[in-house]
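Just so we're on the same page: letters track the sequence lines, and every chain starts at 1. Scope of the values below: all heavy atoms of this structure, side chains included, with no hydrogens, waters or symmetry mates.
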Number of protein chains: 2
Amino acid sequence: MKGNREKLEENALNAVQVGGLKSISFRTMAEEIGIKSSSVHYHFPDKSDLARTLIERYSEEFFRALKDISNKRWKLRSKIKAFIEIFESVAEANKLCLCGMLAAEVEQLDQSNRALLSEYFIDTEKWIVQLLNEHPDEIISDISPTALARSLLSGLEGALLLDRVVGDRQRLKAQKELYMSYFS
Amino acid sequence: MKGNREKLEENALNAVQVGGLKSISFRTMAEEIGIKSSSVHYHFPDKSDLARTLIERYSEEFFRALKDISNKRWKLRSKIKAFIEIFESVAEANKLCLCGMLAAEVEQLDQSNRALLSEYFIDTEKWIVQLLNEHPDEIISDISPTALARSLLSGLEGALLLDRVVGDRQRLKAQKELYMSYFS
DNA sequence: GTCTATATACAGATAGAC
DNA sequence: GTCTATCTGTATATAGAC
C-alpha cells in the first residue's frame with residue numbers, strides 16, 4: 001500500500017547512505033520503482049528538495065529513537081549503550097549515517113541543507129549533554145559533558161566511515177569500549 | 001618549474017579533499033591549468049588511475065610526517081599532540097583527510113584503490129600502537145593500545161567531517177582534550 | 001605532450017498530452 | 001500522477017594530427 005513517493009524516499013535514503021547524493025540520479029530512482037524520471041520530478045522538484053526531504057525524514061526518525069532511549073532506560077550507562085547501538089545497526093547494513101555521508105558532500109549542498117545537517121549534529125550533541133547532566137554521579141571522568149558529547153558523536157561517525165573501508169567493526173567496538181569506561 | 005603533471009596532481013588532491021572524487025572532472029582539472037581534457041588523459045589514463053596516484057602521494061607524505069614525529073620528539077604526549085596537529089592543519093584549510101573523503105566514496109572505487117585506502121588506515125593505527133607500546137609508562141588508561149589507536153584515528157576523521165559542517169573546530173578540540181588526558 | 005574533433009553516455013530539468 | 005519528447009549541459013574516453 002506504499003505510494004510511489006514513499007518508495008522513492010525509502011530507496012533514495014538507502015542509496016544515499018551507501019553511495020552518497022551524487023551517486024543517485026532521478027533516472028535510477030525512477031527505474032528502481034518502474035516509473036519515468038519526469039515523474040520523480042513531480043514528487044521532488046530538484047535534487048536540493050530531495051536532499052532536504054531525506055535529511056528531515058532521517059532526523060525525525062533518529063530523534064524519535066533518542067527520545068525512546070531517554071524514556072525507557074534508567075541508567076546512564078544503559079542509555080549510552082543504546083545510543084551507540086543505533087550506529088552499530090547502521091554499520092551492519094554497510095551504510096553510513098545519512099548526515100555523516102552528506103557531511104562529506106557538504107560542498108555540493110545549498111545553504112539551507114547545510115543548516116539542516118549542522119542542526120542534526122548540534123541537536124544530537126545537546127541530547128547527549130542533557131543525558132550526562134541528568135546523571136552526574138554516574139560519570140567517571142573530568143572531561144566536560146560538552147567535550148564528551150562532541151567526541152562521542154564524531155568518534156562514532158568516524159568509526160562508521162573507517163570500518164566500512166577496512167571491512168570490520170573494530171573501530172565501532174573500540175569507541176564503545178572507550179566510552180563505556182566513562183560510565184559506572 | 002613545475003610540470004603539468006605535478007600541477008594536475010596538486011590541484012586534484014586539493015579539490016578531492018574539499019569536494020570528493022566525484023566533484024572533479026578531467027575538464028575542470030584541465031581548465032585550471034590551461035590545457036585540454038584530452039591532455040589530462042595523457043597523464044592519467046582514467047579516473048581510477050588518478051585516484052591511485054592521489055592516495056599514494058597523500059600516504060607517502062603523511063607517513064613521512066609520522067616518521068618525523070617518531071624521530072624528533074621524546075615524550076609520548078608530545079608525539080600524540082603532534083599527530084593530532086596534522087589533522088588540525090587539514091581542518092584549517094576546510095578540507096578533509098584525502099582518505100577520509102574517499103572513504104565516503106568507497107563504493108565508487110575499484111578494488112585496488114579500496115585496498116590502498118584500507119592500508120592507509122591500518123598502517124596509521126599500527127604506527128600509533130607502536131608509539132604506545134614504546135611508552136607504556138606514560139599511558140594513563142586501562143584501554144588496550146589497539147583500541148586507543150583505532151578510536152583516536154576514527155575520532156579525528158569524524159571530527160574533521162563534523163567540524164567542517166558545523167563551521168568550527170570544537171570536535172577536533174574535544175578529541176584532543178580527551179586523548180591528551182590519557183598521557184602523562 | 002598537447003591539440004582538435006568526436007563518440008557515447010548520462011545528468012538535471014521542463015513542456016505539454018493524457 | 002505519470003507519460004513522451006526534448007533541451008541543455010557535462011561526463012569519460014579515444015583517434016589521429018602536430
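Atom CZ in F44(B) sits roughly 18 Å away from atom C1' in dT14(D) (whole-Å rounding). One can place CD of E6(B) at 16 Å from C1' of dG1(C), the figure rounded to the nearest angstrom. The CD1 atom of I35(A) sits 11 Å away from the P atom of dG1(D) (whole-angstrom rounding). Regarding R27(B), its CZ atom lies at a distance of 10 Å from the C1' atom of dA13(D), rounded to whole Å. Counting to the nearest Å, the C1' atom of dG16(C) and the NZ atom of K36(A) are 17 Å from each other. Rounded to a whole Å, the NE2 atom of H43(A) is 12 Å from the C1' atom of dC3(D). For the pair Q108(A) CD and dA11(C) P, the computed distance is 16 Å after rounding to whole Å. Counting to the nearest Å, the P atom of dG1(D) and the CG atom of L8(A) are 11 Å from each other.
A perpendicular orientation is assigned to the rings of F62(A) and F83(A), their planes being inclined by more than 60° (bins at 30° and 60°). Y182(B) and Y179(B) have tilted rings, their planes meeting at an angle from 30° to 60° on a 0 to 90° scale.
Nearest nucleotide to the side chain of T28(B), out of dT4(C), dA11(D), dT2(D): dA11(D). For S38(B), the listed nucleotide lying nearest its side chain is dA5(C); candidates were dG1(D), dT14(C), dA5(C). You'll find that the side chain of H41(B) is closest to dA13(D), out of dA13(D), dA5(C), dA5(D). Side-chain atoms of F26(B) lie closest to dT12(D) of the nucleotides dA13(C), dT12(D), dT2(D).
Within 4.0 Å (heavy atoms only), I24(B) reaches sugar-phosphate atoms of the nucleic acid but no base atom. Using a 4.0 Å heavy-atom criterion, one finds that S25(A) contacts the sugar-phosphate atoms exclusively.
Proximity of a side-chain donor or acceptor of R171(A) to a complementary backbone N or O of L160(A) within less than 3.5 Å is not detected.
Taking every heavy atom of both residues into account, K7(B) and K2(B) meet most closely at CE-O, 3.7 Å.
Taking side-chain N and O atoms only, N4(B) has a distance below 4.0 Å to OP1 or OP2 of dT2(C). Taking 4.0 angstrom as the limit, Y42(A) places a side-chain polar atom (N or O) nearer than this to OP1 or OP2 of dG1(D). The phosphate of dG1(D) has neither OP1 nor OP2 within less than 4.0 Å of any side-chain N or O from S39(A). Taking 4.0 angstrom as the limit, K47(B) places a side-chain polar atom (N or O) nearer than this to OP1 or OP2 of dT12(D).
No donor-acceptor contact under 3.5 angstrom links the side chains of S23(A) and E107(B), judged on distance only.
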